[in-house]
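The structure under discussion appears below in the form of structure tokens.
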Amino acid sequence: MERIDVTQAARRFSDLLNRVCYQGASFELERNRQVVARLLPAAGGRRVAVADLDRLFAELPPLGEDARAFGAELDAIRCELPPGADPWV
């Protein structure tokens, strides 16, 4: 666990939170060389490995007729656009 002075932690708070959130980093915050607090990931968060995504998606229920109808509507809209048209402009 990395130690960081509370003044530096205050200056870099957003960066520290991003590291805790996305990298699972933990920090001990110190004042006058004494640890006064810890910044660490919240308990209960569960990360999913990329290798497990296929299995998780396969376990989802089928989308049904509404999803197929929505897809058909999107296809029809795409056919009405002129070739090479940017629909976001």
Side-chain angles (χ1 to χ4, degrees):
M1 189 176 301
E2 185 179 339
R3 279 193 177 191
I4 187 166
D5 182 81
V6 292
T7 302
Q8 290 299 317
R11 291 179 183 150
R12 299 175 39 209
F13 191 67
S14 179
D15 175 57
L16 295 177
L17 281 181
N18 284 335
R19 289 176 59 189
V20 168
C21 182
Y22 300 115
Q23 299 173 2
S26 297
F27 300 93
E28 288 184 329
L29 307 178
E30 61 180 25
R31 177 182 286 156
N32 298 325
R33 297 183 185 179
Q34 297 239 315
V35 174
V36 294
R38 290 189 179 91
L39 183 61
L40 47 103
R46 190 180 93 154
R47 293 180 178 242
V48 177
V50 173
D52 295 332
L53 286 177
D54 284 338
R55 179 186 53 77
L56 291 172
F57 286 134
E59 292 173 358
L60 291 174
L63 294 176
E65 184 55 39
D66 287 339
R68 282 187 283 282
F70 180 67
E73 289 175 17
L74 288 178
D75 289 339
I77 292 169
R78 287 185 188 114
C79 289
E80 293 175 11
L81 292 174
D86 185 352
W88 302 107
V89 176

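Scope of the values below: all heavy atoms of this structure, side chains included, with no hydrogens, waters or symmetry mates.
- When every heavy atom of R19 is checked against every heavy atom of F27, the shortest pair comes out as CZ-CZ, 3.6 Å.
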Side-chain donor-acceptor distances from residues 10-18 under 3.5 Å, at least two apart:
residue	atom	partner	partner atom	Å
N18	ND2	S14	O	3.4

Donor-acceptor pairs are to be reported for all side-chain atoms of residues 30-43 against protein atoms at under 3.5 Å, with residues two or more places apart or in another chain.
residue	atom	partner	partner atom	Å
E30	OE1	R3	NH1	3.4
R38	NE	E28	OE2	3.3
R38	NH2	E28	OE2	3.4

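- Other residues, nucleotides and ligands place more than 12 heavy atoms under 6.0 Å from the CG atom of D52.
- There is no path of hydrophobic side-chain contacts, each under 4.5 Å, that joins Y22 to V20.
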